[in-house]
Amino acid sequence: MKFQTITGTKDILPSESPLWQHIEHTARSIFKRFGYSEIRTPIFEDTNLFLRGIGETTDIVGKEMYTFKPSSESDESLTLRPEMTASVMRAYLQHSLGAQSPVVKVYYISKLFRKEKPQKGRYRQFWQFGAECIGSANPEADAEIIAMMMMIYDELGIKSTMLKLNSLGDIETRKRYRAILQDYLRPHFDKLDAVSKERFEKNPLRILDSKNPDLQDLIANAPRILDCLDEVSKSHFETVKTYLDDFGVKYVIEHRLVRGLDYYSRTAFELVSSDLGAQDALGGGGRYDGLGEQLGAEKEIPAVGFASGIERLLIALESAGISEKIQPPKPDVMLVAQSPLARGWIMKTAHAWRKEGLAVETDLLARSLKAQMREANRLGATFAIIVGENELQTGKFQLKNLLTSEQKEIQQENLLSEIKNRTA
RNA sequence: GUGAUUGUAGCUCAGUCGGUUAGAGCGCCUGAUUGUGGCUCAGGAGGUCGCGGGUUCGAAUCCCGUCUUUCACCCCA
């Protein structure tokens with residue numbers, strides 16, 4: 001075979017798309033209930049948007065972006081989006097969405113690009129759905145975003161998950177905590193692995209994220225950021241937790257949860273699943289009050305959001321045994337032609353009935369009657385009608401219900417309404 | 001990027017110590033008397049054994065390279 005998909009990318013085949021549509025439909029339904037509207041942004045942006053937005057210390061920006069020049073002599077640098085939050089904030093600022101309503105609530109279902117080595121639940125082109133609530137600094141917004149995310153998983157039937165929750169405080173808290181953490185780690189510096197040593201100066205909070213078993217004791221005994229929170233962040237966090245309790249959303253406090261992206265502040269959360277292997281995050285998010293200013297806004301723009309990986313959700317649905325329950329759509333009726341004259345009739349009739357909203361199948365290969373019946377069965381059609389000279393002359397048709405094998409005679413003018421009634 | 005791992009029919013997989021026409025199940029197609037699907041039975045189509053090179057009288061099988069798959073590190077959804 002000559003051509004194939006590029007490493008780390010996948011086709012979503014006709015047999016899989018019903019499940020994707022089910023996920024998208026469920027997510028959209030819940031976004032709608034929470035008053036979120038869809039936003040669609042371009043698939044590539046100015047590279048600087050991500051440099052400024054995501055933060056240059058992250059690996060996403062450092063080595064995982066698909067960056068290109070639109071032409072060889074151009075100075076412009078473009079990048080296939082590796083995440084959505086920066087794009088959404090860019091759109092918010094560009095179109096002054098905040099001037100039209102004080103709180104802007106948007107969601108997206110879109111594909112993203114990261115040049116990582118593919119692995120379970122990790123692809124180079126992948127899909128996320130997510131939402132951003134821009135304009136409110138209040139804990140109600142945090143709680144609602146989290147609850148909305150959880151409702152989607154809940155309604156899809158995903159059970160074996162754990163919601164991790166933490167607060168990173170405001171910028172001052174993070175600065176203070178950074179110093180405290182460095183003081184704590186400094187005497188143990190020699191014990192750190194190479195990656196952690198590098199992070200020690202660049203981004204010491206990320207050391208808490210390390211999976212290195214030798215570091216686990218050290219990390220477990222590290223000072224906790226929750227103990228360093230400023231008063232406002234502390235009460236903000238308490239209120240978020242209270243709302244989650246009220247909503248019946250279960251969570252665990254995870255002191256080590258710091259999240260990779262630089263723009264997070266205060267609330268941080270992550271939903272993990274044991275079905276996923278090493279890439280165990282189904283979704284995550286948090287508050288990012290500083291992002292707007294980083295992208296050039298004149299004042300702080302409070303915002304909170306989440307993102308969920310759809311390929312990972314698929315893995316979870318698979319192991320929960322839910323994916324197999326999602327069936328492709330089935331035809332209402334298969335029109336079976338017995339002669340060339342009948343073929344003409346079923347083509348015209350199929351077209352007319354499709355206009356009326358029915359899903360009508362016909363055989364495009366002019367195959368035998370037996371083959372056409374087999375096809376009707378294979379497709380899972382509810383009804384089949386065999387059309388031959390008799391029917392065309394008498395106007396009386398045998399309507400066969402393939403689910404029950406019952407067959408009954410119907411006058412031509414009553415066929416459509418009969419099928420509509422019985423398939424509605 | 002580092003380290004492992006995989007590749008045989010549309011799918012899931014057998015294939016002995018290197019040996020002659022590479023198999024199975026599922027799926028697909030056709031048929032089992034004249035106008036009826038599902039079950040059953042019979043038959044059929046479908047493979048450059050990932051690709052390129054090497055060793056050998058002979059390679060799906062051994063060696064090298066390459067691409068790909070999967071997994072872990074890393075990173076993250």
Side-chain angles (χ1 to χ4, degrees), chain A residues 1-10 13 15 54 57-65 82-85 108-130 149 193-196 198-199 203 206 209-213 257-261 269-273 276-285 305-316 334 336-339 342 361 363 365 367-391 397-407:
Chain A
M1 200 180 302
K2 188 84 192 237
F3 291 108
Q4 56 182 350
T5 47
I6 301 302
T7 299
T9 67
K10 273 195 158 56
L13 297 173
S15 58
I54 302 174
T57 61
T58 65
D59 273 20
I60 295 178
V61 166
K63 49 192 185 195
E64 294 173 1
M65 296 204 302
E83 58 114 48
M84 279 299 287
T85 304
Y108 55 82
I109 300 175
S110 46
K111 57 172 85 171
L112 276 9
F113 305 85
R114 262 125 85 164
K115 204 160 141 190
E116 304 179 275
K117 194 120 170 204
Q119 205 176 310
K120 184 170 187 177
R122 193 172 79 180
Y123 306 100
R124 289 185 170 178
Q125 175 184 275
F126 62 102
W127 289 80
Q128 286 186 346
F129 62 78
M149 177 179 92
D193 53 60
V195 184
S196 296
E198 205 185 316
R199 286 172 174 168
N203 196 349
R206 302 255 27 207
D209 245 359
S210 175
K211 285 181 193 162
N212 186 340
L257 176 64
V258 293
R259 310 271 317 147
L261 278 49
F269 57 92
E270 193 170 279
L271 186 70
V272 299
S273 161
L276 261 44
Q279 320 301 317
D280 66 349
L282 219 37
F306 84 91
S308 284
I310 298 185
E311 286 85 353
R312 293 184 185 179
L313 175 55
L314 245 36
I315 295 170
M334 172 103 182
V336 175
Q338 233 277 308
S339 70
E361 280 291 332
D363 177 51
L365 296 173
R367 286 184 291 179
S368 69
L369 181 131
K370 190 190 189 81
Q372 293 183 63
M373 288 302 289
R374 198 156 43 215
E375 181 75 357
N377 187 64
R378 201 172 65 83
L379 295 170
T382 308
F383 291 106
I385 301 173
I386 296 171
V387 181
E389 304 309 318
N390 291 347
E391 286 79 4
F397 290 76
Q398 298 294 325
L399 179 64
K400 177 155 191 175
N401 184 323
L402 293 174
L403 308 178
T404 63
S405 297
E406 288 171 304
Q407 189 159 298

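Computed from a predicted model, the values in this text were never measured in an experiment. Protein chains get the first letters and strands the later ones, always in sequence-line order, with residue 1 at the start of each.
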Distance between [atom1] atoms of [N] and [M] (Å, rounded):
| N | M | atom1 | answer |
| --- | --- | --- | --- |
| rC26(B) | rG18(B) | C1' | 31 Å |
| rG7(B) | rU2(B) | C1' | 23 Å |
| rG53(B) | rC17(B) | P | 28 Å |
| rU69(B) | rG27(B) | P | 29 Å |
| rG10(B) | rU20(B) | P | 23 Å |
| rC63(B) | rG25(B) | P | 32 Å |
| rG23(B) | rU34(B) | P | 35 Å |
| rU68(B) | rC62(B) | P | 23 Å |

Do other residues, nucleotides or ligands put more than 12 heavy atoms under 6.0 Å from Ile6(A) CD1?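 At most 12 heavy atoms, drawn from other residues, nucleotides or ligands, come within 6.0 Å of this atom.
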Write down the atom of [X], the atom of [Y], and the distance for their closest heavy-atom approach.
| X | Y | answer |
| --- | --- | --- |
| Ile109(A) | Phe129(A) | CG1-CB, 3.8 Å |
| Gly284(A) | Met149(A) | N-SD, 4.4 Å |
| Lys120(A) | Leu276(A) | CD-O, 3.7 Å |

Give each protein N/O atom lying under 3.5 Å from an N/O atom of nucleotides 27-30 of chain B, with the pair distance.
residue : atom : partner   : partner atom : Å
rC29(B) : OP1  : Arg367(A) : NH1          : 3.4
rU30(B) : OP2  : Arg374(A) : NH2          : 2.7

Just to be sure I follow the notation: if a pair is Watson-Crick (purine N1 to pyrimidine N3 plus N6-O4 or O6-N4) or a G-U wobble (N1-O2 and O6-N3), each under 3.5 Å, what dot-bracket string does RNA chain B give, with | for pairs to another strand? ((((..(..((((.....[...)))).(((((.......))))).....(((((..]....))))))..))))....
Rounded to the nearest 0.5 Å, what separates atom CD1 in Ile315(A) from atom CG in Asp280(A)?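 Answer for the CD1-CG pair, Ile315(A) versus Asp280(A), is 11.5 Å.
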Rounding to a whole Å, what distance do you find between [X]:[atom1] and [N]:[atom2]?
| X | N | atom1 | atom2 | value |
| --- | --- | --- | --- | --- |
| Phe306(A) | rA77(B) | CZ | C1' | 11 Å |
| Met373(A) | rA32(B) | CE | C1' | 17 Å |
| Lys370(A) | rG35(B) | NZ | P | 12 Å |
| Arg124(A) | rC74(B) | CZ | C1' | 14 Å |
| Glu391(A) | rG35(B) | CD | C1' | 8 Å |
| Asp209(A) | rC73(B) | CG | P | 12 Å |
| Gln407(A) | rU36(B) | CD | P | 10 Å |
| Met334(A) | rG35(B) | CE | P | 18 Å |

So which one's nearest nucleotide on RNA chain B is more toward 5', Ile310(A) or Lys115(A)?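 Nearest-nucleotide comparison on RNA chain B picks Lys115(A).
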Applying side-chain hydrogen bond (donor to acceptor under 3.5 Å, both in side chains), name anything that partners [X], two or more places apart in sequence or on another chain.
| X | result |
| --- | --- |
| Ser196(A) | Asp193(A) |
| Asn390(A) | none |
| Glu391(A) | none |
| Gln119(A) | Arg122(A) |

If you take atom types as modelled and just measure distance, does the side chain of Glu64(A) reach the base of rG1(B) with a donor-acceptor pair under 3.5 Å? no
Which nucleotide in the set rG35(B), rA77(B), rG37(B) lies at the smallest distance from any side-chain heavy atom of Ala281(A)?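 Output: rA77(B).
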With syn defined as a glycosidic angle within 90 degrees of 0 and anti as anything else, the base of rG15(B) is anti
Need one value for [X]: base, sugar-phosphate or nothing, where a base atom within 4.0 Å counts as base even if backbone is also close, heavy atoms only.
| X | value |
| --- | --- |
| Leu402(A) | base |
| Ala376(A) | nothing |
| Leu282(A) | sugar-phosphate |

Determine whether Leu403(A) and Thr382(A) satisfy the following criterion, side chain to side chain contact (heavy atoms under 4.5 Å, CB included), listing intermediate values before the conclusion. CA-CA 6 Å; Leu403(A) 308 178; Thr382(A) 308; 4.0 Å; yes
Partner set under ring-ring contact (aromatic ring centres under 6.0 Å, His included) for Phe397(A), not counting sequence neighbours: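 Result, ring-ring contact (aromatic ring centres under 6.0 Å, His included) vs Phe397(A): Trp345(A).
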At a cut-off of 3.5 Å, list every protein nitrogen or oxygen paired with a nitrogen or oxygen from nucleotides 6-13 of chain B, distance to 0.1 Å.
none

Can you sort out the partners of Arg374(A) under side chain to side chain contact (heavy atoms under 4.5 Å, CB included), two or more places apart, ordered by chain and number? Lys370(A), Ala371(A)
Generate the contact string for nucleotides 66-72 of chain B. Rules: B means base contact, S means sugar-phosphate contact only, - means no protein heavy atom under 4.0 Å. --SSSSB
Does the side chain of Arg124(A) reach to within under 4.5 Å of the side chain of Thr7(A), using non-hydrogen atoms? yes
Applying side chain to side chain contact (heavy atoms under 4.5 Å, CB included), run through Glu361(A) and Glu375(A) and close with a yes or a no. CA-CA 9 Å; Glu361(A) 280 291 332; Glu375(A) 181 75 357; 5.7 Å; no
I'd like to know whether Leu112(A) forms a side chain to side chain contact (heavy atoms under 4.5 Å, CB included) with Met84(A), so could you lay out the CA-CA distance, the side-chain angles of the two residues, the decisive distance to 0.1 Å, and finally the verdict. CA-CA 8 Å; Leu112(A) 276 9; Met84(A) 279 299 287; 3.8 Å; yes
From CA spacing to verdict: side chain to side chain contact (heavy atoms under 4.5 Å, CB included), Ile386(A), Gln338(A): CA-CA 7 Å; Ile386(A) 296 171; Gln338(A) 233 277 308; 4.2 Å; yes
Looking at Gln372(A) and Ala337(A), would you say the former's side chain and the latter's main chain have a donor-acceptor pair under 3.5 Å?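 Here the side-chain-to-backbone pair exists.
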Cut-off 3.5 Å, no hydrogens considered: what does the side-chain donor-acceptor table look like for residues 305-314 of chain A, sequence neighbours left out?
residue   : atom : partner   : partner atom : Å
Ser308(A) : OG   : Tyr153(A) : OH           : 2.7
Glu311(A) : OE1  : Trp127(A) : N            : 3.0
Glu311(A) : OE2  : Trp127(A) : N            : 3.1
Arg312(A) : NE   : Gly121(A) : O            : 2.7
Arg312(A) : NH1  : Ala281(A) : O            : 2.9
Arg312(A) : NH2  : Gly121(A) : O            : 3.2

Where do N or O atoms of nucleotides 39-44 of chain B meet protein N or O atoms at under 3.5 Å, pair by pair?
none

